[in-house]
Every structure is written in structure tokens, then in C-alpha cells.
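Below: one structure, written as C-alpha cells.
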Protein chains: 2
Amino acid sequence: MTALTHKQLWETIADALRDEILDGHLAAGSRLVETELAERFGVSRGPVRDALAELAREGLAVDLPRRGTFVSSLTEADLDEVYVIRRAIEEAAVRLAVERASEADLEGLRGALLEVEAAYARGDLATAWEADMSFHRAYCRLSGNGRLLALFDEMASQTVLLMRTALATRASLGWTPPVEYHRRIADAIAARDADGAAAAVGDHYRYTEDRLFASEPSG
Amino acid sequence: MTALTHKQLWETIADALRDEILDGHLAAGSRLVETELAERFGVSRGPVRDALAELAREGLAVDLPRRGTFVSSLTEADLDEVYVIRRAIEEAAVRLAVERASEADLEGLRGALLEVEAAYARGDLATAWEADMSFHRAYCRLSGNGRLLALFDEMASQTVLLMRTALATRASLGWTPPVEYHRRIADAIAARDADGAAAAVGDHYRYTEDRLFASEPSG
DNA sequence: GCGATGCTAACTGTTGACAATCGAGCATGT
DNA sequence: ACATGCTCGATTGTCAACAGTTAGCATCGC
């Protein structure tokens with residue numbers, strides 16, 4: 001807690017609180033008192049205030065006016081909501097990407113795809129997840145729609161957020177990398193096949209949601 | 001500027017600034033100095049700070065760390081971006097609405113539709129616009145996806161925001177109410193026809209975007 | 001004359017204190 | 001015993017001042 005070069009102070013506070021909430025150290029419904037937190041972090045209430053606002057924006061906390069801020073509980077339904085939105089915006093994204101992507105863009109997309117496959121192949125789940133997200137982000141960027149990309153980023157962070165809750169165990173159980181879907185998406189974009197790309201994205205998410213929600217991993 | 005019962009102080013400040021920006025009194029690129037604004041509104045820098053953060057979230061201003069806040073310029077491209085996203089999430093919304101809507105829900109949807117048509121019929125553009133938005137919001141609510149609804153609300157406010165800029169004149173020129181599309185959407189949902197509903201939403205937005213962007217309103 | 005360096009002014013990020021507001025608990029009246 | 005009103009404590013919303021940083025400019029050296 002010493003250096004803190006430039007990375008907005010309240011951002012680091014938000015990170016710390018986010019970790020505590022997701023790790024279960026702060027139970028759902030707990031009160032987040034500005035004064036307490038300010039003292040605990042050794043700062044004033046200003047940055048704490050901003051951090052709480054950020055958490056509220058992310059859905060991790062809820063702010064009752066004149067009452068205080070409380071940590072909200074996240075369930076599987078939340079993750080389902082996020083996936084529905086991701087599917088919708090990514091289908092739109094690939095349709096635009098098909099029209100706008102240059103050859104260099106397509107090359108970059110293939111590169112991202114290879115990274116995902118390589119990471120999965122050598123069993124490096126951590127980087128595989130990151131590369132996975134980067135791949136999705138890549139074609140969202142190719143859409144040329146800044147707001148769409150920002151939206152994806154928001155939903156992506158929500159995804160990793162929700163994955164870190166109780167769902168984490170369950171999600172990691174029956175997980176099989178959706179690499180083939182990724183390849184289908186990339187190929188369809190390269191072939192300038194909008195419908196095919198959108199369908200591939202749809203199949204990707206149907207597959208993922210089935211893995212996560214449909215059946216209990218009781219075997 | 002006296003009463004201000006409870007409606008968050010910074011919200012009224014944000015409203016005032018938003019108006020000034022959209023009315024052109026604050027040119028794009030202008031600096032929004034916290035101290036100045038605080039003095040102008042007769043408050044401290046705290047609420048002003050929150051108001052500027054809100055404007056930044058809305059995309060009306062951009063915040064450079066340690067530099068200040070500047071009003072950003074909005075173009076037709078922004079409105080196009082918003083419509084792309086609205087179409088994507090509303091297509092997803094109607095698909096969900098088809099599965100979840102009760103008979104009472106469908107009745108409410110038809111009611112909203114009638115309000116839109118009535119307002120358009122008697123030439124009351126102002127309420128027609130509001131009713132129009134309410135209709136769209138209605139089926140987004142029926143999706144049962146809270147995040148999706150929140151997203152729609154955000155995009156809806158962005159729409160009215162962008163409509164108030166220079167686009168306002170242009171938009172109001174060649175405008176023809178897309179009532180038939182509304183009816184198609186409502187009917188498809190009532191018929192539990194997911195593909196039809198999504199297609200209707202798609203056609204609606206294709207029509208709207210054509211009206212707005214495709215051709216200059218040069219007669 | 002031109003580039004680098006140090007200064008200055010302005011603005012943001014942060015701080016600790018003050019005031020307004022809300023909920024809980026208690027006293028009081030019925 | 002129950003409802004009602006009041007007071008008190010706790011907590012947020014707000015404020016004015018301080019410190020750190022950045023951009024712009026003048027000065028100095030080459």
C-alpha cells in the first residue's frame with residue numbers, strides 16, 4: 001500500500017473491496033460504511049466514496065440513498081443474463097466485422113485464435129481464459145463500433161466477476177474448451193459470411209450455457 | 001435553485017450542464033473546470049465532480065486524468081452506433097419475451113402499442129416519442145433480464161440525447177412513424193413467434209436507420 | 001536561431017470537519 | 001398493552017482548504 005504510482009487511488013480500493021466480496025469475506029448484505037473503510041485503508045472518505053460508486057456500477061453493491069451501501073448477492077441468474085447480452089452484441093459485432101475487417105485484421109484475428117488454442121493445448125487454463133477473452137474482444141473491435149466494444153468490455157469484466165463467485169467450482173468442472181466454435185467464428189468472418197459468423201457465435205453461447213447451466217455436474 | 005428537496009444535487013447540476021452542451025452553449029472541446037462550475041452553481045466542488053463523472057459516463061464529456069474534463073463532440077456516427085446496439089439487444093429481448101410473456105403482459109404490450117398509435121394519429125409528436133420508447137421498453141422488460149433492461153434504458157437515453165444535437169433537425173424532417181413495425185413486433189410476440197419478432201425488430205431498425213442516415217433529405 | 005531546462009500558474013485529487021437526514025429505541029398518552 | 005411522538009446516535013452529503021501534478025512559458029546554453 002505504499003507506491004500507488006498513478007493508478008487512481010479509488011481504483012485500488014475498489015479492487016481490494018471487490019476481492020473481499022468475491023472471496024466471501026464480505027457476506028452479501030453487509031454494510032459498507034464509508035468511515036470504517038476510510039480508516040481501514042488509511043485514506044479519506046472521498047476515494048472510498050468513489051470506490052463504492054464503482055462497485056455499485058458493477059452491480060457488486062447497491063446504494064440506498066441516505067441509508068448506505070450494501071453488498072449485493074450474485075447468483076447463477078446473473079451470469080445467465082450476462083451471457084444473453086454477450087451473445088446478442090457479439091452476433092451484431094461479427095456481422096459488422098465481416099463488412100469492415102481488412103486482411104490485416106483477419107490475420108490478427110487468426111493470431112488470437114492460435115494463442116487460445118495453444119494455451120488450451122498445453123493446459124494453461126489461466127492464460128487460455130485471457131486469450132479466449134482477447135479473441136472475443138478482437139472481433140468486437142473489428143466491428144468499428146466503439147460503444148459496442150465498450151459494452152463487450154463491461155460484460156467481459158462481469159463475466160470474470162461472476163465466474164469468481166460460487167460458480168467458479170461448478171464452471172470449472174465440466175468445462176471443455178469451445179475451440180471449434182472459435183475457429184468457426186474466425187473462418188466465417190474471413191469468408192465474409194455474416195450469417196454464418198452470427199450463427200457460429202450463437203452456437204458458441206448455446207454450447208457454453210448448456211455446459212454451465214443445463215445439467216448439474218452430478219455424475 | 002432553492003428547494004432541491006432530495007433529488008440528488010449533482011443530478012440537477014448534470015441536467016443543467018447536459019442542456020448547455022446539447023443546446024450548443026458549451027462548444028465541443030470546451031474545458032469544464034470544477035472550480036468555475038462550483039462557483040457558478042453556488043455549490044462546492046464535490047457535487048460538480050459527481051455531475052462531471054455522470055456526463056463522462058454518458059459520453060457527453062471525456063475525463064483526462066489530472067488534466068480535466070472536456071466536452072466531447074457527438075456526430076451522426078454515434079447515433080448509428082447506438083441504433084446498432086439497440087437492434088441487437090432488442091432482438092434478443094423479443095426472443096426472450098416470446099418465451100416468458102404472460103397473457104397479462106401481452107395485454108399491457110398491446111395497450112402501449114395503442115398509445116403510440118393514438119399519439120401519432122393526433123399528431124402529438126412529443127408524447128408519441130415517449131410512448132414509442134415506452135413500447136420498446138415494455139418488451140425489453142418482458143425479457144425478464146434486468147441487465148438487458150438497464151442496457152436498453154441507457155441506450156434509450158443516449159438516443160434522446162443524440163437526437164437533441166444537430167441531428168434533431170434532420171431527424172424530424174423525413175420522419176414517418178414506424179407504427180406498422182411496432183404492430184408486427186407486438187403481433188409476433190403474441191403469436192409466440194420468436195424468429196418473426198426478431199425479424200420485425202430488425203426491419204424496424206433497418207427502416208429507421210434508412211430514414212436517418214441513408215439519404216440526405218434533399219427533395 | 002534553436003533546443004533543453006527550470007519556473008510559474010492553474011487545476012485536479014485528496015483531506016478532515018461540518019451539517020442535514022434517517023432509523024432505532026424510549027418515554028408518554030390512551 | 002398498543003400506538004404515537006420525540007430524542008439520540010449513526011451515517012451520509014457537503015464544504016473549504018491543502019498537496020501534488022501537469023501544461024505552458026520564459027530563460028539559459030549551445
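Here is the naming used below: chain letters follow the sequence lines, and residue numbers restart at 1 for every chain. Hydrogens, waters and symmetry mates play no part in the numbers below; they use all other heavy atoms, side chains included.
- With sequence neighbours left out, A/Arg141 forms a side-chain contact (heavy atoms from CB on, under 4.5 Å) with A/Arg137, A/Leu149.
- Salt-bridge annotation for B/Asp19 and B/Arg164: present, with a side-chain N of the basic residue lying under 4.0 Å from a carboxylate O of the acidic one.
- Donor-acceptor pairing under 3.5 Å is recorded for the side chains of A/Arg147 and B/Gln158.
- Comparing A/Leu52 and B/Pro65, the nucleotide of DNA chain D nearest to each residue sits closer to the 5' end for A/Leu52.
- The interatomic distance linking B/Leu64 (CG) with D/dA23 (P) rounds to 9 Å, in whole Å.
- Rounded to whole Å, the distance from CD on B/Glu34 to C1' on D/dT22 is 15 Å.
- At a threshold of 4.0 Å, the pair A/Glu107-A/Arg110 does not count as salt-bridged, since none of the basic side-chain nitrogens sits closer than that to a carboxylate oxygen.
- B/Leu32 comes within 4.0 angstrom of the backbone, heavy atoms only, and of no base.
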Heteroatom pairs (N/O) under 3.5 angstrom, protein to nucleotides 14-18 of chain D:
{"from": "D/dC15", "atom 1": "OP2", "to": "B/Ser44", "atom 2": "N", "distance (Å)": "2.9"}

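- Protein atom CZ of A/Phe41 is 20 Å distant from nucleotide atom P of C/dG13, rounded to whole Å.
- For A/Ser134, there are no side chain to side chain donor-acceptor pair (under 3.5 Å) partners, not counting sequence neighbours.
- Of the charged side-chain nitrogens involved, none lies within less than 4.0 Å of a carboxylate oxygen, so that B/Arg95 and B/Glu99 do not count as a salt-bridged pair.
- Atom CG in B/Leu37 sits about 9 Å away from atom P in C/dT12, given to the nearest Å.
- Between A/Arg67 and B/Thr69, the residue anchored closer to the 5' end of DNA chain C is B/Thr69, taking for each the nucleotide with the nearest heavy atom.
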